[in-house]
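Only one structure is covered here, and it is reproduced in the block below.
Remember, predicted model here, so these are calculated numbers, not experimental data. By convention in this document, chain letters (A, B, ...) are assigned in the order of the sequence lines, proteins followed by strands, and residues within each chain are numbered from 1.
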Amino acid sequence: MELLAHFSHVVAVFLMVAGLYVVMARGNLIKKLVGLSVFQTSVYLLYIAPGKLIGGTAPILAPQYGLYSNPLPHVLILTAIVVGVATLALGLALAVRIREAYGSIEEDEIIAADNAAEEARP
Amino acid sequence: MGRRRGGTIIETLIINALLVLMALAVLVLARTRNLFAVVVLSGVYSFLMATLLVALDAVDVAMTEAAVGAGVSTVLLLGALHLCKSEEARPAHRPWLPLALSGATGLLLIYGALDLPDFADPAAPIHRHVAPRYLQNEVDVPNVVTAVLASFRGYDTLGETTVVFTAGAGIVALLRRRRHKGGGDAQ
């Protein structure tokens, strides 16, 4: 019952941890970035879900409604979404640039290429 | 009264069903190796998130998530995929350490989350503290989110624009070097 009342929190934590796992465990840079954006999105859920009131409506004032969900998390997360996409775009640009320099976006191959260059240097 | 109670249960049910679908989408996403499938799944995930946000009464956020999160992000990812290989390499070894680390983090976070107020509890501090004042319509804009975003937190929105501009400038600086390739990588 305790877990059911916190189901949204549990799912938000699961999404966050899944994103974290993808960022840590996967070597592909694009996959890592998708994981990072899942991580970011889980934060939206963590913020928005507590602002919900069952039976409430969206916070657009009208005389026939009295119960509104909390508008403040919505404002914060609107900013976060745009910043999240800016981060993703910058990360993808870096990945494309790395692909040009190394011919690969796999972490292992990039590190191997770096090590090979290090050894080749006199 | 009975109808109202039924509505409450259905609302909770819809929210929980969407949450389960999102968790499933991310589970499949984490296991998939084909990057095109990963990008499409992340689009599916974003649209599920947008739907959930409508169910959670965050309509402005839902619109932004559908347009920016599901739309622009997917286009950006597909564009990057077009310039890179679309298959992920198999890892050399089983990622036990990241699995253990993220599992431990998750358990710790859930343990902490149990102390938070229950879902949709009207007595929670979030609904009692400053929110009622913002809902009094002080600036004569019926959409409270717009009122707060443009009026109370106008400087924050300016800061957000600065972040987007910086990111855009960074992308231009990174990708402009492609035109004179070779020259930039001389060292």
### Result of checking B:Val26, B:Val38, B:Leu35 against A:Val34 for side-chain contact (heavy atoms from CB on, under 4.5 Å)
B:Val38
### Atom pair CG (B:Asp118) and NE2 (A:His6), whose distance is rounded to the nearest 0.5 Å
5.0 Å
### Greatest number of heavy atom pairs closer than 4.5 Å to chain B - which of A:Lys31, A:Met24, A:Met16, A:Glu109
A:Lys31
### Task
Mind checking the OG-CE spacing from A:Ser42 to B:Met49? Nearest 0.5 Å is all I need.
7.0 Å
### Query
By a 4.5 Å heavy-atom criterion (distance strictly below it), what part of B:Leu41 contacts chain A: side chain, backbone, both, or neither?
neither
### From A:Phe14 atom CZ to B:Met22 atom CE, the distance as rounded to the nearest 0.5 Å
10.5 Å
## Note on the structure
When the 4.5 angstrom heavy-atom criterion is applied to B:Ala147 and chain A, the contacting part is neither
### Task
Would you kindly confirm whether B:Val54 and A:Leu46 end up in one hydrophobic cluster when ILVMFWY residues are joined by side chain heavy atoms under 4.5 Å apart?
no
## Note on the structure
Between the OH atom in B:Tyr134 and the CG atom in A:Asn70, the distance rounded to the nearest 0.5 Å is 10.5 Å
### chain B contacts, top residue of A:Gly84, A:Ala25, A:Ala62, A:Ala12 (heavy-atom pairs, under 4.5 Å)
A:Ala25
### Message
Please classify the contact of B:Leu81 with chain A as side chain, backbone, both or neither, using a heavy-atom distance under 4.5 Å.
### Response
both
### Which atoms of B:Ile15 approach chain A - backbone, side chain, both or neither, heavy atom under 4.5 Å
side chain
### Message
If the condition is side-chain hydrogen bond (donor to acceptor under 3.5 Å, both in side chains), which residues does B:Thr32 pass it with, not counting sequence neighbours?
### Response
none
### Query
Given that the side chain runs from C-beta out, which part of B:Leu135 has a heavy atom under 4.5 Å from chain A: side chain, backbone, both or neither?
both
### Message
Between B:Val72 and chain A, with a heavy-atom cut-off of 4.5 Å, which part of the residue counts as in contact: side chain, backbone, both or neither?
### Response
side chain
## Note on the structure
Given A:Val83, A:Val75, A:Val11, the one with more heavy-atom pairs under 4.5 angstrom with chain B than any other is A:Val75
### Query
Any chain of hydrophobic side-chain contacts (each under 4.5 Å) joining B:Leu27 to B:Ile110?
yes
## Note on the structure
Checked A:Thr79, A:Val22, A:Leu20 vs chain B; the most non-hydrogen pairs under 4.5 Å come from A:Thr79
#### Entry: Interatomic distance, A:Leu76 atom CG to B:Asp156 atom CG [nearest 0.5 angstrom]
7.5 Å
### Selection from A:Leu88, A:Thr57, A:Ile77, A:Ile105 maximising heavy-atom pairs under 4.5 Å formed with chain B
A:Thr57
## Note on the structure
Counting heavy-atom pairs under 4.5 Å with chain B, the top scorer among A:Gly27, A:Ala49, A:Ala86 is A:Ala49
### Heavy-atom proximity to chain A below 4.5 Å, by part of B:Ala124
neither
